[in-house]
Amino acid sequence: MKDLIYTEGLKKYFKTPAGLLHAVDDINLRIPAGQTLGVVGESGCGKSTLGRTMIRLIDSTEGKVFFDGEDINTFDKKQLKHFRKNAQMIFQDPYSSINPRMSVSQIIAEPMKVCKTEANKKARDDKVKEIMNTVGLALRFYNAYPHELDGGRRQRIGVARALALDPRFVVCDEPVSALDVSIQAQILNLLMDLQETNNLSYMFITHDLSVVKHISHSIMVMYLGECIEQADTDELYENPLHPYTRALLSAIPIPELRREKRAEVIRGEVKSPVNPAPGCRFAPRCPHAKPECVGEKINEVQITPTHKVACVLYY
Amino acid sequence: MIRINANIDKKSGGIIKRRSQLASIWFRFRKNKMAFLGLIMFLILVVIAFAAPLVLDYERDIISQNISQRFLGPSSQHIFGTDQFGRDIFKRILWGSRLSMFVGLGVVGISLGGGTIIGSLSGYYEGSVLDNVLMRFCDMFLAIPGTLLAIALVSGFGNSIPNLMLALGISTMPKMSRIVRASVLSIKNQEFVEAAISCGTSDFRIMFRHIIPNAVGPMIVEGTLSVARSIISIASMSFIGLGVQPPNPEWGAMLSEAKAQMINYPYLVYAPGIAIVLTVMSLTLIGDGLRDALDPKMKN
Amino acid sequence: MKNEKLLEIKDLYAQYNTDEDIVYAVNDLSLSLDRGRTLGLVGETGAGKTTTCLSILRLLPERIGEISKGEIIFDGMDILSLSEDEMRKIRGKDIAMIFQDPLSSLNPVYTIGMQIGEVLKYHGIYKDDQAIENRVEEMLDLVGLPKERKNDYPHQFSGGMKQRVVIAMALACEPKLLLADEPTTALDVTIQAQVLKLMNELKERLQTAMILVTHDLGIVAEICDDVAVMYAGSIIEKGRIEDIFEGQVHHPYTVGLFASIPNLKVKTRRLSPIDGLMPDPADLPKGCTFNPRCPHRMEVCKTEEPPCVMIGEEHMVKCHLFASKEGGRP
């Protein structure tokens with residue numbers, strides 16, 4: 001299958017007063033057309049920054065992002081504008097991600113206005129109605145303002161806006177984490193339906209391993225800016241290799257009684273990503289830490305063609 | 001808690017026609033009784049300002065002196081009494097509304113316009129060279145007392161009323177820029193701005209369509225309050241001989257003239273004082289109402 | 001002491017009176033909690049979980065919030081008839097509350113030692129400073145923080161550690177009842193696991209009764225003894241944890257809630273959400289509040305409020321489906 005978007009050694013460092021913050025460190029990933037890559041990690045692991053560098057909302061420090069075979073970091077203004085139509089984003093917070101001063105129809109029409117994709121106002125209005133229909137927003141909200149709607153409907157506006165330009169790639173940055181479970185399921189189903197009908201590729205960023213399982217074809221686990229494990233979804237859940245992935249999986253509270261005693265809870269908290277020492281960044285919390293975990297860069301080990309892990313246990 | 005607005009028809013699935021943006025702002029504004037009162041007061045003042053020359057004669061009623069009638073207390077003939085030259089204070093107040101309101105609004109217009117441009121540019125390009133240059137200039141101007149700055153500017157430009165307005169406008173601009181910059185900073189990091197960037201929106205459109213409409217609240221409050229301040233500033237400028245010259249009637253100038261006679265003839269300060277207070281109050285009420293009316297979150 | 005009722009809420013109604021209309025946040029809510037037990041209060045945003053907790057502490061927003069009917073009996077006292085002064089003595093000492101956001105629950109300009117000490121000083125349990133100091137250290141130790149950190153300021157702690165400080169503060173006076181409002185929602189999963197483990201240990205050691213408000217059924221399964229499911233301000237199902245998680249008969253909403261959780265073990269790609277949205281609490285549907293979204297809706301549901309049907313000894317379901325005590329799993 002052809003990859004719609006892939007990266008080579010993607011890095012994003014931020015300068016901070018304390019030193020260089022390694023938000024995204026040497027990420028290699030690929031997303032085939034019509035598929036979803038789940039990116040999982042805890043707060044501060046750089047997953048949102050990764051999502052933003054993928055669509056050049058943030059310029060990367062080093063490395064390349066290829067979209068349709070072209071490096072997006074070399075795009076000039078005109079090419080970038082064209083790329084923007086193809087790559088869109090759905091944001092986490094249904095409250096701050098839509099302009100409170102604009103009505104629902106204005107919000108959805110705005111990208112079309114900016115990119116002049118529709119010939120005239122009439123065509124734009126028709127498209128807005130069509131999209132509202134697709135994402136399950138009743139037309140009676142056409143002229144409503146966002147504050148009149150609840151979180152689930154607001155998130156549908158966010159989805160509608162992202163779809164307005166008929167993109168091929170959408171970065172979903174925690175699109176359901178601010179929603180109630182029953183609404184969460186509605187939005188997840190909507191995203192999956194849209195993928196099927198429009199052959200969309202998603203990068204689905206989340207901290208929730210149980211949500212990402214349903215929507216992703218493959219999953220990448222991040223820790224402090226690095227990819228520590230990447231595998232097809234089923235493979236990852238059946239055979240998690242990295243100690244951090246295992247810890248994440250066992251930390252999820254499962255709505256079932258008397259399950260086997262929870263595997264040891266991992267100790268400590270996430271370190272700062274500023275000037276990290278070479279070596280495994282999870283080592284200070286890892287129950288299997290060895291002397292060789294520190295000092296040298298940990299290389300990714302290819303376990304199967306679709307499963308790789310960065311851990312000395314599998315050297 | 002989020003609730004569905006009553007305006008949305010729950011049964012029909014069709015598009016509900018809404019009032020246009022302006023109409024709904026007016027609708028929300030009208031519902032605010034105090035703001036509406038402010039607007040009426042302000043309109044009366046405007047009517048007075050325009051009608052004054054129709055009813056009064058500048059030579060006869062405003063500046064001709066009549067020493068035999070000086071310092072008459074309020075009476076049925078002279079509602080607010082007469083001043084040290086025997087001129088009727090009421091008539092002078094009416095006439096003065098032309099200058100005071102014109103200058104007051106003009107000053108705010110200049111500082112609001114300039115402040116919005118400077119503040120939004122430096123806020124949007126936070127940390128850039130442009131931001132640094134603009135803000136250091138503002139700091140420089142903020143370090144000089146406003147009146148002093150205005151004096152310097154008027155002496156430089158030459159003494160006339162437009163120059164006075166410009167000078168006062170420039171001297172209040174740095175503060176306005178700071179306020180605009182602060183609200184732009186808090187808004188530009190919200191996700192909807194990022195969303196706008198992600199579909200290739202130009203910086204100009206982001207500023208004017210997404211950021212500034214969300215930042216108007218503090219700007220309007222500061223704007224209405226500074227009308228009052230600038231009327232007072234004009235007075236102090238007039239006092240030292242810059243700005244409005246006697247015998248031109250201007251509220252601030254009248255107030256500072258009256259100050260000298262306040263111990264013997266306290267009624268002299270009432271009229272200009274009340275006039276300024278009423279103008280400022282009406283503008284403040286309008287400002288409050290406008291801030292709420294511009295926010296669609298307020299109930300329709 | 002065992003199995004003695006600590007808290008009993010009878011037919012509680014709470015509402016918010018806004019300019020526009022009245023928001024009925026809690027409607028006809030009854031529940032009871034025995035000493036040392038943990039009750040999980042489950043429901044979605046706007047179900048009235050937090051309002052229930054605030055009502056117990058009588059902390060509803062002034063002027064707007066109002067308890068319009070009902071009784072709250074805590075430890076033999078009628079909470080609603082106490083004076084504000086008496087209430088103040090209960091808050092923090094007999095009933096403590098943990099809020100969702102550990103960031104905003106701590107004052108950034110005081111050290112955490114001072115903040116924990118403050119609670120103790122206020123309630124006058126420990127007279128001299130040395131005793132307070134000792135108790136502060138004891139509490140930090142209890143929640144797994146090093147004693148030396150009592151002189152640190154909140155910003156020097158990470159989110160998970162701040163929540164530990166908040167828990168230490170809440171437990172400092174050995175309250176009889178702890179109200180925990182989404183205590184781990186703001187935390188990362190691995191940190192959440194640590195905090196849940198801590199709460200489980202403390203629960204066993206201190207025998208404090210607890211009401212845990214959450215939207216996460218996984219957390220409920222981990223620490224609760226009893227569960228009450230809330231919808232639109234009332235409890236639509238309650239029972240022991242086994243009844244809810246393993247019982248065969250459930251309220252249709254509970255069924256929907258379980259079905260919409262993404263399950264780690266089952267390999268379905270599509271989830272089955274509940275149709276529709278939470279009703280507007282200012283304009284609740286007639287009859288059963290869940291009826292517009294219910295897949296088993298009957299004519300009677302649209303007009304009559306459903307009865308509370310006892311399915312098991314302690315298992316209650318508020319639904320017309322079981323009114324005749326027949327019918328299996330809906």
Side-chain angles (χ1 to χ4, degrees), chain A residues 40-45 149-153 176-190 192-193 207-217 223 233-234 237-238 244 247-259 262-272 285, chain C residues 42-47 144 157-161 184-198 200 214-224 241-242 244-246 253 256-278 280 293:
Chain A
V40 185
E42 291 179 281
S43 49
C45 74
L149 311 180
D150 57 274
R153 287 207 179 99
V176 296
S177 62
L179 306 175
D180 277 319
V181 271
S182 69
I183 310 300
Q184 216 174 49
Q186 292 176 3
I187 299 288
L188 285 176
N189 284 346
L190 170 67
M192 284 190 270
D193 291 343
H207 66 274
D208 189 336
L209 267 168
S210 45
V211 163
V212 79
K213 175 173 190 241
H214 286 263
I215 193 159
S216 305
H217 298 86
Y223 191 79
T233 304
D234 291 341
Y237 284 86
E238 271 157 30
Y244 178 65
L248 265 186
L249 279 169
S250 78
I252 302 170
I254 293 179
E256 266 171 38
L257 290 187
R258 297 187 211 95
R259 60 195 181 102
R262 186 203 277 281
E264 189 50 41
V265 173
I266 51 168
R267 24 185 190 130
E269 311 216 351
V270 181
K271 280 195 315 172
S272 144
R285 299 173 75 187
Chain C
V42 191
E44 294 179 87
T45 317
F157 293 85
S158 64
M161 285 157 115
T184 59
T185 308
L187 307 175
D188 274 324
V189 261
T190 56
I191 309 302
Q192 167 173 291
Q194 293 170 0
V195 171
L196 287 179
K197 191 172 165 225
L198 170 74
N200 247 338
T214 180
H215 64 274
D216 189 334
L217 284 164
I219 294 175
V220 172
E222 223 152 281
I223 41 182
C224 294
I241 188 147
E242 297 84 8
I244 305 295
F245 282 84
E246 282 162 0
Y253 175 67
L257 207 55
F258 272 94
S260 32
I261 306 172
N263 194 318
L264 270 181
K265 295 197 173 147
V266 187
K267 269 193 195 172
T268 47
R269 205 159 128 78
R270 273 196 83 82
L271 298 164
S272 21
I274 310 171
D275 283 337
L277 299 162
M278 286 286 277
D280 178 355
R293 300 174 74 183

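Naming: A, B, ... by sequence-line order, numbering from 1 per chain.
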#### Entry: Note, C/Gln192 side chain near A/Pro253 side chain (heavy atom, < 4.5 Å)
yes
### Task
Measure C/Leu187 against the heavy atoms of chain A and call it side chain, backbone, both or neither at under 4.5 Å.
neither
### Task
State the CE-CG distance between C/Met278 and A/Asp180, to the nearest 0.5 angstrom.
7.0 Å
### Query
With only heavy atoms counted, which part of C/Val189 is less than 4.5 Å from chain A, the side chain, the backbone, both or neither?
both
### Task
Kindly give the heavy-atom pair with the smallest separation between A/Glu42 and C/Ile191, and that separation in Å.
OE2-N, 4.2 Å
### Task
Just do the side chain to side chain contact (heavy atoms under 4.5 Å, CB included) check on C/Thr190 and A/Arg285 with the steps written out, would you?
CA-CA 11 Å; C/Thr190 56; A/Arg285 299 173 75 187; 3.2 Å; yes
### Message
What part of C/Met161 gets within 4.5 angstrom of chain A, counting heavy atoms only: side chain, backbone, both, or neither?
### Response
both
### Task
State the CD-CD1 distance between C/Glu222 and A/Ile252, to the nearest 0.5 angstrom.
11.0 Å
### Query
Just by distance, do the side chain of A/Gln186 and the backbone of C/Asp275 share a donor-acceptor pair under 3.5 Å?
no
### Task
Could you list the residues that satisfy side chain to side chain donor-acceptor pair (under 3.5 Å) with A/Gln184, not counting sequence neighbours?
none
### Task
Might you work through the side chain to side chain contact (heavy atoms under 4.5 Å, CB included) test for A/Ser182 and C/Arg293, ending with a clear yes or no?
CA-CA 11 Å; A/Ser182 69; C/Arg293 300 174 74 183; 3.6 Å; yes
### Query
Within a strict 4.5 Å, meaning less than it, do heavy atoms of the C/Pro273 and A/Ile183 side chains meet?
no
## Note on the structure
Per-residue tally against chain A (heavy atom, under 4.5 Å) across C/Thr45, C/Ile219, C/Leu217 peaks at C/Thr45
### Task
Supply the atom-to-atom distance A/Asn189 CG to C/Ser272 OG, rounded to the nearest 0.5 angstrom.
8.0 Å
### Message
With a 4.5 Å cut-off on side-chain heavy atoms, are A/Ser210 and C/Ile261 touching?
### Response
no
